[in-house]
Protein chains: 2
Amino acid sequence: MKVLTKKTDYAIRALLMLGSRRGEYVSAKTISTDQDIPYQFLRGLLQEMIRYDLIVSKEGAQGGFMMKKEPDEIPIAQLIEIFQGKVQVSECMFRKQICANRSRCVLRHEIMRIEQVVNSEFDKVTIGKLLRDLEAANGMAHGCG
Amino acid sequence: MKVLTKKTDYAIRALLMLGSRRGEYVSAKTISTDQDIPYQFLRGLLQEMIRYDLIVSKEGAQGGFMMKKEPDEIPIAQLIEIFQGKVQVSECMFRKQICANRSRCVLRHEIMRIEQVVNSEFDKVTIGKLLRDLEAANGMAHGCG
DNA sequence: ATAACTGATACTATATTGATATCAATTAAA
DNA sequence: TTTAATTGATATCAATATAGTATCAGTTAT
Ligand code: FES
Ligand code: FES
């Protein structure tokens, strides 16, 4: 069970990079090289994030991408939603056969509760928070792993 | 983002059925028809659950499957693990380039925390609990949805 | 003018998920 | 003892999702 797909993972890393260089335009190429993300794949992700108003772009030479939204206002829950779709447990048979399969309903009830827990956890972790964690880690200047 | 795949979903429903008819052998065909699960697909799931000692089988006419483990001792976290693999966030670049990508580490740290929260939630929900919920729901005998 | 860029989109490859098919072995019961 | 109902074990296929590539037109700093 993979919680984060490459898309979400890359998107987060790209945002962390933009977040640490606010006010300047950073090119897709720079991000791609620095974060080791396939160039064209990254381009697609960046365009998607523009559509969601997370970042802005500038075309042409010396162009690139820049944070638009406040890092603290970007929970990774949103990125998961954008790149992996809303967290859903399993489609309900509701429409097909209303409650013919009651056992399914019970399951569904429990799972929706969990879904909320999961979502609220992912909501707590914002790009801003990660950036601060990052700074702290760099400040301490010791290896990790 | 799909939390439960068909496999897990079907497995849970099959177990709920076996759990509500403990002590008797229920055939794959019966489960398949009753729960609307593709027959051969279900067979595979049942065999897998035998390997994990959740259920036992009896071959031949009047054969079928029966609960082995106590329903309260089967958290759906285990079923998710069996049918969808352990919850993992995203593979760490750790081995490739040790901490060259520190931002990834920070992310990883947060995510592993969430992973624990999620797992502990899924651990709380057992087949036994779902069975009791189910009984209660049936006892109340009113529609749901 | 040109090189460094993004916008937009089409395409390919690989992996995962979901489902089906087949045949041998076992067993209850006619 | 035959037969029908069953599981065991695999092989195969189809559909979908994920990951990655390629191309070309348009924009802009130098
Ligand atoms: S790169 Fe993963 S722990 Fe350092
Ligand atoms: S069948 Fe889904 S709510 Fe009743």
Select base, sugar-phosphate, or nothing to describe what A:Tyr10 touches, counting heavy atoms under 4.0 Å on all strands. sugar-phosphate
Look at all strands and tell whether B:Ile50 reaches a base, only sugar-phosphate, or nothing, counting heavy atoms closer than 4.0 Å. sugar-phosphate
Which whole-number value in Å describes the distance from [X] [atom1] to [N] [atom2]?
X: B:Leu42; N: D:dA9; atom1: CG; atom2: C1'; result: 16 Å
X: A:Gln47; N: C:dA8; atom1: CD; atom2: P; result: 6 Å
X: A:Asp9; N: D:dT18; atom1: CG; atom2: P; result: 14 Å
X: A:Phe41; N: D:dT23; atom1: CZ; atom2: P; result: 19 Å
X: B:Arg51; N: D:dG8; atom1: CZ; atom2: P; result: 9 Å

Can you work out whether B:Gly44 or B:Ser27 has the more 5'-proximal nearest nucleotide on DNA chain D? B:Ser27
Other residues, nucleotides, ligands: >12 heavy atoms within 6.0 Å of B:Glu24 CD: yes
Any idea which heavy atoms bring B:Leu46 and B:Ala28 closest together, and the distance? CD1-CB, 3.9 Å
Minimum-distance pair of heavy atoms, taken over all atoms of A:Asp36 and A:Arg13: O-NH2, 4.3 Å
Can you tell me if B:Thr5 touches the phosphate of C:dG18, counting only side-chain N or O atoms and a distance under 4.0 Å to OP1 or OP2? yes
Is any side-chain N or O of A:Tyr39 closer than 4.0 Å to OP1 or OP2 of C:dT6? yes
Do you know which of A:Thr30, A:Leu42, A:Ile50, A:Val56 makes side-chain contact (heavy atoms from CB on, under 4.5 Å) with A:Phe65? A:Ile50
Among B:Leu15, B:Thr8, B:Val125, find the residue that satisfies the side-chain contact (heavy atoms from CB on, under 4.5 Å) test when tested with B:Ile76. B:Val125
For DNA chain D, the residues among residues 56-66 of chain A that have a non-hydrogen atom under 4.0 Å from it: A:Glu59, A:Gly60, A:Ala61, A:Gln62
